[in-house]
Amino acid sequence: MSRNSAPLPLGSTIGILGGGQLGRMLALAAARLGMKTHIYCPDPLSPAFDVTPNKTVAAYEDEAALAAFAAAVDVITYEFENVPARTAAFLAGLKPLRPDARALAVAQDRLAEKAFLTVNRIAVAPFAAIPDLAALHAALDEIGVPAVLKTTRLGYDGKGQRLIRTAAEAADAYAALAPKPLVLEAFVPFEKEISVVVARNGSGETAAFDPAENVHREHILKTSTVPAAIGAKTARQAREVAEAIVGALDYAGVLGVEFFVLADGALLVNEIAPRVHNSGHWTEAVCVTDQFEQHVRAVLGWPLGDPTRLADVVMENQIGDEIEALPRTLGAGERPHAYGKAEVRPGRKMGHINRVRIRTPLP
C-alpha cells in the first residue's frame with residue numbers, strides 16, 4: 001500500500017505501538033470512526049489494553065511477534081517517539097507506517113532534529129554536538145553560560161538534561177549524562193512556552209490547532225491554556241512554522257511543535273514530537289475535531305477534520321496522587337480523562353482535566 005493509496009475503509013484495523021495513555025485515547029478515537037485497533041506493548045499492564053480486545057505483549061525487538069502484529073493490521077502508527085529504529089524499519093517493510101520512519105528518526109535524536117530544522121530555515125537556539133568533554137568546553141566558550149546539556153535521545157519531562165551555570169560545572173554535567181554523544185543548547189530567556197499541534201495527511205492537506213500556552217512544574221507539563229496570551233502575529237507564525245515542518249517531513253499524522261516565545265514575540269522551536277501531544281489534550285473538550293481523531297483520520301488517508309476551537313479552555317494534568325481527588329472535586333464545567341494506570345507514582349501523569357470556559361454571547 002502506498003502513502004497516497006485510497007482511504008482505508010470502515011472496519012480497518014490500526015496497529016498502535018505503545019500502550020500508554022496516548023495509545024488509549026487513539027484507540028477510543030478510532031472506535032468512534034468505526035475502526036478496530038491492535039495495541040503492541042511490552043507492558044502487560046498497559047492502560048491502552050483496557051479499551052481494545054486486540055493486543056500483543058512482546059518486546060519491540062521480537063521480530064516474530066512484530067510480524068504477527070503487522071499481519072493482523074492494515075496500517076501502523078505509534079504513541080511515542082522512542083520506537084527502536086530497527087523496529088520501525090522492520091514494520092515499514094510489512095505495512096504502511098504513519099508517520100514514517102524518517103519522521104521518527106528526525107524527532108528521536110535531538111541533533112538530527114536541530115539539523116533538520118536549521119536546514120529548513122526554522123529558528124532554534126544555538127547548539128553544538130558534544131562527542132567528548134573537550135568539545136563541551138569549546139562549545140561553552142562559543143555559546144556561553146548558562147547553557148543546557150542534553151542527551152540526544154530518550155529525554156522527556158526534564159530527564160536527560162543538566163543546566164550548566166558556570167564552566168566549572170561542565171565536567172560533572174558531562175559525566176552525569178548518558179548515552180553519549182550529547183548536545184549543548186544555549187539557555188533561552190523566554191517569556192512563554194507555547195505549542196502547536198498540527199496534522200497532515202498523505203495528500204498534503206494540513207490543519208493546525210490554536211497555540212496553547214504551557215506551564216511546567218518540576219519539568220512536567222502542568223497546564224495548557226487556550227487561547228495563549230500572545231499576539232495574533234505570533235500565533236499565526238507558530239501555526240505557519242508547524243505547517244512548514246510537517247510539509248518538509250512529507251508527514252502523515254499529528255505532530256506537536258514546542259516553541260519558546262521571546263520578549264519581542266519572536267519564536268524558537270524547542271522540540272518536535274511525531275505523535276499526538278500532551279499539550280493538545282484540550283482539543284478533546286472544545287474542538288470540532290480533536291487531535292486524536294485528527295491523527296486517526298490522517299493515518300487512514302481520510303480528509304482531515306475541522307480544528308476550530310469552540311470555547312476557551314485550561315487543560316491541567318493530574319500528576320501522581322492528585323488523581324485521587326477526582327471523585328470528590330470534579331466540577332460541572334470540567335471534563336476529566338483518567339488514564340486507568342495500575343499504579344500511582346510521584347511525577348507520573350495519571351489523567352487530565354479540561355476546564356471549559358464557555359464564551360458568553362453578546363446581548
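Treat the numbers as computed from the prediction; the structure is a model and nothing was measured.
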Heavy-atom distance under 4.5 Å between the side chains of Asp109 and Val106, does that happen here?
no
Considering only NZ, NE, NH1 and NH2 on the basic side and carboxylate oxygens on the acidic side, decide whether Lys114 and Glu185 come within less than 4.0 Å.
yes
What do you reckon, is CD of Glu63 surrounded by more than 12 foreign heavy atoms closer than 6.0 Å?
yes
Linking I/L/V/M/F/W/Y whenever any side-chain heavy atoms sit under 4.5 Å apart, do Leu26 and Trp302 land together?
yes
Intermediate values then yes/no, salt bridge (Lys or Arg N to Asp or Glu O under 4.0 Å), Arg345 and Asp321
CA-CA 7 Å; Arg345 294 197 299 265; Asp321 61 8; over 6 Å; no
Assess, by modelled atom type and distance only, whether the side chains of His277 and Gln291 contain a donor and an acceptor separated by less than 3.5 Å.
no
Indicate yes or no: at least one non-hydrogen side-chain atom of Ile245 is less than 4.5 angstrom from one of Leu117.
yes
Quick one: are Thr283 and Val197 in side-chain contact, heavy atoms under 4.5 Å?
no
I need the minimum non-hydrogen distance between Leu184 and Ile130, along with the two atoms involved.
N-CG1, 3.7 Å
In plain terms, say whether Glu81 and Arg110 are close enough for a salt bridge, that is, a side-chain N and a carboxylate O under 4.0 Å apart.
no
CG-CD1 distance between Leu136 and Ile164, expressed to the nearest 0.5 angstrom
5.0 Å
Salt-bridge test for Arg239 and Asp210: reply yes if a basic N is under 4.0 Å from a carboxylate O, no otherwise.
yes
Report yes or no: is the cationic atom of Lys180 (NZ for Lys, CZ for Arg) under 6.0 Å from the centre of the six-membered ring of Tyr174, at an angle within 45° of the ring normal?
yes
Any side-chain donor paired with an acceptor under 3.5 Å for Asn278 and Lys349?
yes
Restricting to side-chain hydrogen bond (donor to acceptor under 3.5 Å, both in side chains), what partner residues turn up for Tyr339, sequence neighbours left out?
His352
Taking the basic N atoms (NZ, or NE/NH1/NH2) and the acidic carboxylate oxygens, is any pair closer than 4.0 Å for Glu334 and Arg355?
yes
A side-chain contact here means heavy atoms from C-beta on lying under 4.5 Å apart; do Thr56 and Ile39 qualify?
no
Gap between atom CG of Leu17 and atom CD1 of Ile76 - 0.5 Å precision
6.5 Å
Using ring centroids (six-membered ring only for Trp), state whether Tyr60 and Tyr40 fall under 6.0 Å.
yes
List the residues meeting side-chain hydrogen bond (donor to acceptor under 3.5 Å, both in side chains) with Asn214, not counting sequence neighbours, and say none if there are none.
Ser195, Ser224
Quick test of your reading of the model: are Arg86 and Glu61 salt-bridged, counting only N-O distances below 4.0 Å?
no
Hydrophobic clusters here meaning ILVMFWY residues chained together by side-chain heavy-atom distances under 4.5 Å, can you tell me if Phe190 and Phe259 are in one?
no
Please assess Arg309 against Val226 for the test side-chain contact (heavy atoms from CB on, under 4.5 Å), listing each intermediate value before the final yes or no.
CA-CA 9 Å; Arg309 175 174 55 87; Val226 188; 3.4 Å; yes
Phe116 reachable from Phe260 in the ILVMFWY side-chain graph, under 4.5 Å edges:
no
Answer yes when Glu284 and Arg335 have at least one side-chain N-carboxylate O distance shorter than 4.0 Å, and no when they do not.
no
Does a side-chain N-to-carboxylate-O contact under 4.0 Å join Glu271 and Lys150?
no
Considering only NZ, NE, NH1 and NH2 on the basic side and carboxylate oxygens on the acidic side, decide whether Lys95 and Asp74 come within less than 4.0 Å.
no
First locate atom OG1 of Thr206, then atom CD of Glu240, and finally report the distance between them rounded to the nearest 0.5 Å.
11.0 Å
Any side-chain heavy-atom pair from His281 and Phe292 closer than 4.5 angstrom?
yes
Option from Val246, Val254, Leu104, Thr77 for which side-chain contact (heavy atoms from CB on, under 4.5 Å) with Pro99 holds
Thr77
How far does CG of Asn120 sit from CG of Leu249, to the nearest 0.5 angstrom?
8.0 Å
So, Glu293 and Arg297, do they make that salt bridge, N to O below 4.0 Å?
yes
Above 12 or not: heavy atoms from other molecules or residues under 6.0 Å from CZ of Arg121?
no
Report the distance from atom NE2 of His337 to atom CD of Gln21, rounding to the nearest 0.5 Å.
9.0 Å
